[in-house]
Amino acid sequence: GAGVSQTPSNKVTEKGKYVELRCDPISGHTALYWYRQSLGQGPEFLIYFQGTGAADDSGLPNDRFFAVRPEGSVSTLKIQRTERGDSAVYLCASSLGVPPDTQYFGPGTRLTVL
Amino acid sequence: DQQVKQNSPSLSVQEGRISILNCDYTNSMFDYFLWYKKYPAEGPTFLISISSIKDKNEDGRFTVFLNKSAKHLSLHIVPSQPGDSAVYFCAASEAGDKLVFGAGTILRVKS
């Protein structure tokens with residue numbers, strides 16, 4: 001079956017612009033996660049959705065970052081007033097939502113802020 | 001503070017031999033541990049997991065060992081194959097939700 005998909009695969013933007021990153025989880029998975037991976041580091045948690053609601057957004061670095069999942073499936077990560085430090089690979093993962101739970105990752109979106 | 005540490009940035013092993021990747025953690029509330037493999041330009045791929053109620057889990061060539069008293073886990077790959085060359089991430093969670101990752105270990109299997 002289809003895995004987690006993310007679009008776009010690459011995004012180059014200028015400092016100060018707004019970007020949206022999309023994640024399509026595995027069908028039937030109720031839990032969805034966003035992580036960010038900087039060069040030479042492991043993925044870092046940003047936000048976790050259970051259904052339509054954000055169950056844990058403690059990893060969002062500041063109020064420029066926002067994510068939605070309005071119908072409990074596709075999610076969009078939104079970054080306002082991008083900064084060069086936002087450059088990273090943004091990874092999305094989904095799971096069935098029943099602990100203990102394996103998270104399956106998408107290929108990521110590489111964001112470059114010039 | 002790094003709650004999950006992979007102290008070896010890289011490891012080189014001969015094809016057919018054992019690869020041992022190590023991971024240490026500091027948070028005693030972690031109760032679920034996973035290993036992921038990552039190839040360049042791809043997302044992490046799930047390999048194997050272990051719950052804190054176990055000390056060993058095996059799946060084919062991959063075995064994960066958990067030592068709760070030492071807060072240490074390891075991944076054994078036997079026999080190692082060139083296709084195993086990748087970055088390996090250790091991850092941990094409390095109650096199976098958000099994962100905390102180590103920085104990764106680059107494994108190179110030489111043929």
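Throughout, a chain's letter reflects where its sequence line sits, starting with A, and its residues are numbered from 1. What you see is a predicted model, and the numbers here were worked out from it, not measured in a lab.
Taking every heavy atom of both residues into account, B:V13 and B:R17 meet most closely at CG1-CB, 3.9 Å.
Looking at A:Q41, only its backbone comes within 4.5 Å of chain B, counting heavy atoms on both sides. Only the side chain of A:S58 comes within less than 4.5 Å of a heavy atom of chain B; its backbone N, CA, C and O stay farther away. Proximity to chain B is absent for every atom of A:Q50, based on heavy atoms less than 4.5 angstrom apart.
The aromatic rings of A:H29 and A:Y104 are tilted relative to each other, their planes meeting at an angle between 30° and 60°.
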Item to complete: Step by step, work out the side chain to side chain contact (heavy atoms under 4.5 Å, CB included) result for B:L75 and B:F33.
Response: CA-CA 11 Å; B:L75 175 68; B:F33 304 88; over 6 Å; no

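Ranking B:G102, B:P9, B:A103, B:S51 against chain A, the residue ahead of the rest is B:A103, based on heavy-atom pairs under 4.5 Å. With chain B as the partner, the residue from A:L46, A:V4, A:L91, A:T102 showing the most heavy-atom pairs under 4.5 Å is A:T102. When each of B:K98, B:K38, B:E42, B:Q6 is checked for heavy-atom pairs under 4.5 Å with chain A, B:K98 comes out on top.
Taking hydrophobic clusters as Ile, Leu, Val, Met, Phe, Trp and Tyr residues chained together by side-chain heavy-atom distances below 4.5 Å, B:V100 does not share a cluster with B:Y36.
Within a 6.0 Å radius of CZ in A:F65, more than 12 heavy atoms belonging to other residues, nucleotides or ligands are found.
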